[in-house]
Structure formats: C-alpha cells, structure tokens
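All remarks here apply to the structure that follows.
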Amino acid sequence: MAAFAELFYQDFIVDNRYKYLVRGLGNTLVVTFFAVIIGIIIGFLVAIIRSSYSKMDKPGVPVKILNFICQVYLTIIRGTPTVVQLLISFFIIYTSPNVSKTMVAVLTFGINSGAYVAEIIRSGIMSIDGGQMEAGRSLGLNYVQTMWYIIVPQAFKNVLPALANEFIVLLKETSICGYIGMNDLTKGGDIIRSATYDPYLPLLTVAVIYLIMVCGLSALVGRLERRLRSSDH
Amino acid sequence: MTTNKDVLIKVDDVHKVFANKLHALNGVSETISKGEVVVIVGPSGSGKSTFLRSLNLLEMPTSGHIYFEGIDITSKETDIDRHRQKMGMVFQHFNLFPHMTILENITLAPMKLLKKSKEEAEEQAMELLKQVGLEAKAESYPSQLSGGQKQRIAIVRSLAMNPEVMLFDEPTSALDPEMVGEVLELMKKLAHDGMTMVVVTHEMGFAKEVATRVLFMDAGEIKEQGKPEEFFGNPKDERLKEFLSKVL
C-alpha cells in the first residue's frame, strides 16, 4: 500500500504531473467534440448527395459531378489509415505555422469521421420506405422539405446506435494525436510513464478515463434512443 | 382547349414507359370536372394506379400533357409543388409519418406551406379530427392506431390543405375487411360534400353507389366508361364483361 502511495505520489503529484492528464483530457475532448461536429456536417451532406443521386432516374450533370467527388472522398478516406492521414495533414497539407496542432487534428478527424458518418446516414435514408417521400411530396412539400422534416428524422433515429458507435470509435482514435506531437490524454500518460519509468499507473489511469468516457457516452445514447423510440408503441 | 372552367384536370394522350420497358399507359386522354367522383377499375397491371399517380406527377409521363386548372403541370417551367398542394392523395399503405403525432402529421403541411400559425393549424386539425370522430387520437402516434383509423387520418391530413381534388390509390386494399366500411363511409361523406375525387379501387359497391362516372382500364388504356348504372348494367367491352363477371 505504501508502495502504491509512493508510485501515486511520483506519477501524479511530483511536478504537478497530473496536469499532463488534465490538459491531455481537455485536448482529447476538444478534438473529439469539434471533429464530431465537422463529421456530422460532412457526413450529412455527402449522404444527401449520394442517396439523392441513387434515387434519381436521370441525374443532371451537377449532381453527377458532386456524386463523383463524394465517391472519391469516401474511397480515399476509408482506404487509408487514419494515422497516415494525420501525418499527411500535419507534414504536407497544413504546414503553415499559423495552424495549430489542435486545428490539424480537428480537421483530420472531422474529415475522416465524415466518411463513415456519410455511409451510416445514407444507409438510414435508404432504409426509409419510399411511400414516406411520396406522401410528403404529394402534400406539396418540396424535396428538401420532405427530406428535412420526414425522411432524415426517421433515418437518424434508425442509425443512432451506429452513429454513436462511430463517435465512440472517434474518441478513442484521437489517441494517435501523439504522432504529430500533440499532448492528448494518451500522450499525457505516456509522458508521465517516460518521466517516472512507471508504466502501470499512468497507462492504466489513461485507459480507465477512456473507459469512463465511453461508458458515459453509451449511457447517454441509450437514453436518447429510448426517448426517440417513444413514437413506436 | 381548357376554356371550360368546370374542367379541373385534363389528360392529353399520356404515355408512360417504365425503365424496364413496361408500357403502363398507352395514350390515355381524359377530362375530370369539378364535383365529379370518378372511380377507376380494372385488373391489376392495367395501369390504373399509374394513371392516378401521374395526375399529380408522382409518375412523370413519358409523353403527353396533364393540365390542372388549365395549367400544363407536365411542363418543365411549372412548379409542381404548388399544384400538388391542391391535389390531396391517399395511399394504399397510408404513409403516415411514424415519428410524428397525429396532430403533427396533419399540421405539418399547412404550417410549412400555407404559412398557418401553429394555433391556427391545430385548430383546423382538431375540427377535422372531430368530423371523423378521432379527436381523442390527436396526441397518439400512428403505430397506436388501427388500419382504418390510419387511413381516415391520412384523408384528414390531405384535407387540411383544402385540396381541389382528392386522389385515392386503392385506399381500402390494405385494410382488414371490418375496417373497410369506416373508410368508405368517410369517402362517401366527402363525395356528398362535393369534393372532386378520383378513386382507384376494387370496391364495386362504392363505385355503384358513389361514382358519377366509372372508368375501366386495361393494358394501359381506358377501354370503357360511363355512369355506374350503364357501366355495370350494360357493359360493351368484352374485357370489361369478363372482368365484371369475375368481380361482381
């Protein structure tokens, strides 16, 4: 017990080392939060374009071009490892000193997540019965209104578990931020490890913090799902 | 050509060929006037649903023209959404919005399209719900309703837009037999109130009793039409005779 107290003291108290974890957690949350927002926006737009394209009899040239761009985006993002995307972002694309590492991470994870979110939302949209679109249109709602008020809310409800899962994956995936020298939660634990030569406490603490966040998120999503399901009796 | 102001819908030589080369409509021309209750019957695959769905362009004709209130709605320049507001449609499978309450189902379009306030739209919706005896269901979700109730709500949802014409696509085909009556009752009431209606149905009793005109479609064409007494009492087309002998 005394040994544990000594380890705890060395790992977290000396030199205020706990701050590596606190600051790291803050960075992890910031990157995840803004990446989720970017991911939802991109994913939503790409999903709408792709599902509209596949429902059209004769898509016009602008729609064809948009769909092609989306196709390329999905292929590249889903076809390459996230770490590689992060490194390319940092060392090749956003090389300006005015762009912070946090910004690079937010953009990279947001753009990365958008690809997965797009496919999730698209599958949700495609799963809605065609009669819903017809009913909306027959009332005089235009395509966008019908999508917004009728199709998307139902699609969103159907894919909520998959979407939540994607964001949990994203939260955990930000642990590669250390590759570009960013001090996220994982990197914070690792810095303590290398300073104190104690791998156990810092890394296990980091793991527990991730676990708590994921469990918290899952519980939140569960509640939201139950609320949305109040319309199915 | 559409100078007669009683003419509501004019269909001019409409063809519809689906992507799989199925020739669903084969040159259909027809005029529907205000106050008419036109019932369309025919064997399955005869094109009657396609015909009905082309009236509000849920099916875009491959060729030909459709005029609604004198305006060519098949023209590229026409804003079809504006005209659809005046053409209510009731579907075989109801197509209520499952994520919304009954009240929200009914008030959505009036609020978004007619720019009614929430209070105004809800007041009107409750009024309509009272008329069909379903005001107690206002806060329910569609999944809590029986098929017959769903279809009556679907009719109310269309009526909330104050349409000029109501299109019914086999409105009772998906219902349990004991629920068919309540839906037909409501449709009869609508007809008596002077609503212009185009109805695709297999309910010959409804056609006989309520229709002002009955059309028989087969192979993508209107083969015969007339007032119900004559249509059912003295059919001339061979295919119609055969059809009637099977369904009556």
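The figures that follow rest on heavy atoms only: side chains count, while hydrogens, waters and symmetry mates do not. Per chain, numbering begins at 1; letters A, B, ... match sequence-line order.
Inter-residue side-chain proximity for Leu159(B) and Met195(B) is flagged as met; some heavy-atom pair is nearer than 4.5 Å. Using a 4.5 Å heavy-atom threshold, the side chains of Phe94(B) and Leu145(B) count as separate.
The candidate with the highest count of non-hydrogen atom pairs below 4.5 Å against chain A, out of Lys112(B), Gln85(B), Met89(B), is Lys112(B). Between chain A and the options Leu167(B), Leu113(B), Asn56(B), the largest number of non-hydrogen pairs under 4.5 Å is found for Leu113(B). Chosen from His93(B), Arg82(B), Arg157(B), the residue pairing most often with chain A at heavy-atom distances under 4.5 Å is Arg157(B).
Salt-bridge formation is detected for the pair Arg137(A)/Asp81(B): a Lys NZ or Arg NE/NH1/NH2 atom is positioned less than 4.0 Å from an Asp or Glu carboxylate oxygen. The pair Glu164(B)-Lys86(B) does not count as a salt bridge, with every side-chain nitrogen at least 4.0 angstrom from each carboxylate oxygen.
Side chain of Asn142(A) to main chain of Gln145(A): a donor-acceptor pair is present (N/O by atom type, distance under 3.5 Å, no hydrogens or angles). Distance alone, capped at 3.5 Å, is enough to place a donor-acceptor pair between the Asn27(A) side chain and the Asn183(A) backbone. Side chain of Lys10(B) to main chain of Gly70(B): no donor-acceptor pair is present (N/O by atom type, distance under 3.5 Å, no hydrogens or angles). With Gln151(B) contributing its side chain and Pro171(B) its backbone, the two residues share a donor-acceptor pair below 3.5 Å. A donor-acceptor pair is defined here as one N or O able to donate and one able to accept, closer than 3.5 Å; no such pair exists between the side chain of His23(B) and the backbone of His15(B).
In this structure, CG in Leu160(A) is found 11.0 Å from CZ in Arg227(A), a value given to the nearest 0.5 Å. The CG atom of Leu86(A) lies 11.0 Å from the NZ atom of Lys101(A); values are rounded to the nearest 0.5 Å.
Contacts between Met161(B) and chain A at a heavy-atom distance below 4.5 Å involve the side chain alone, from C-beta outward. Of the two parts of Phe91(B), only the side chain, counted from C-beta on, holds a non-hydrogen atom closer than 4.5 Å to a non-hydrogen atom of chain A. Residue contact with chain B, scored on non-hydrogen atoms closer than 4.5 Å, involves the backbone and the side chain of Glu134(A) alike.
For the pair Ile120(A) and Ala162(A), the tightest heavy-atom approach, listed with the atom from each and the gap, is CD1-O, 3.7 Å.
Along residues 69-84 of chain A, no residue comes nearer than 4.5 angstrom to chain B, judged on non-hydrogen atoms. Taking 4.5 Å as the heavy-atom cut-off, none of the residues of residues 44-56 of chain A approach chain B.
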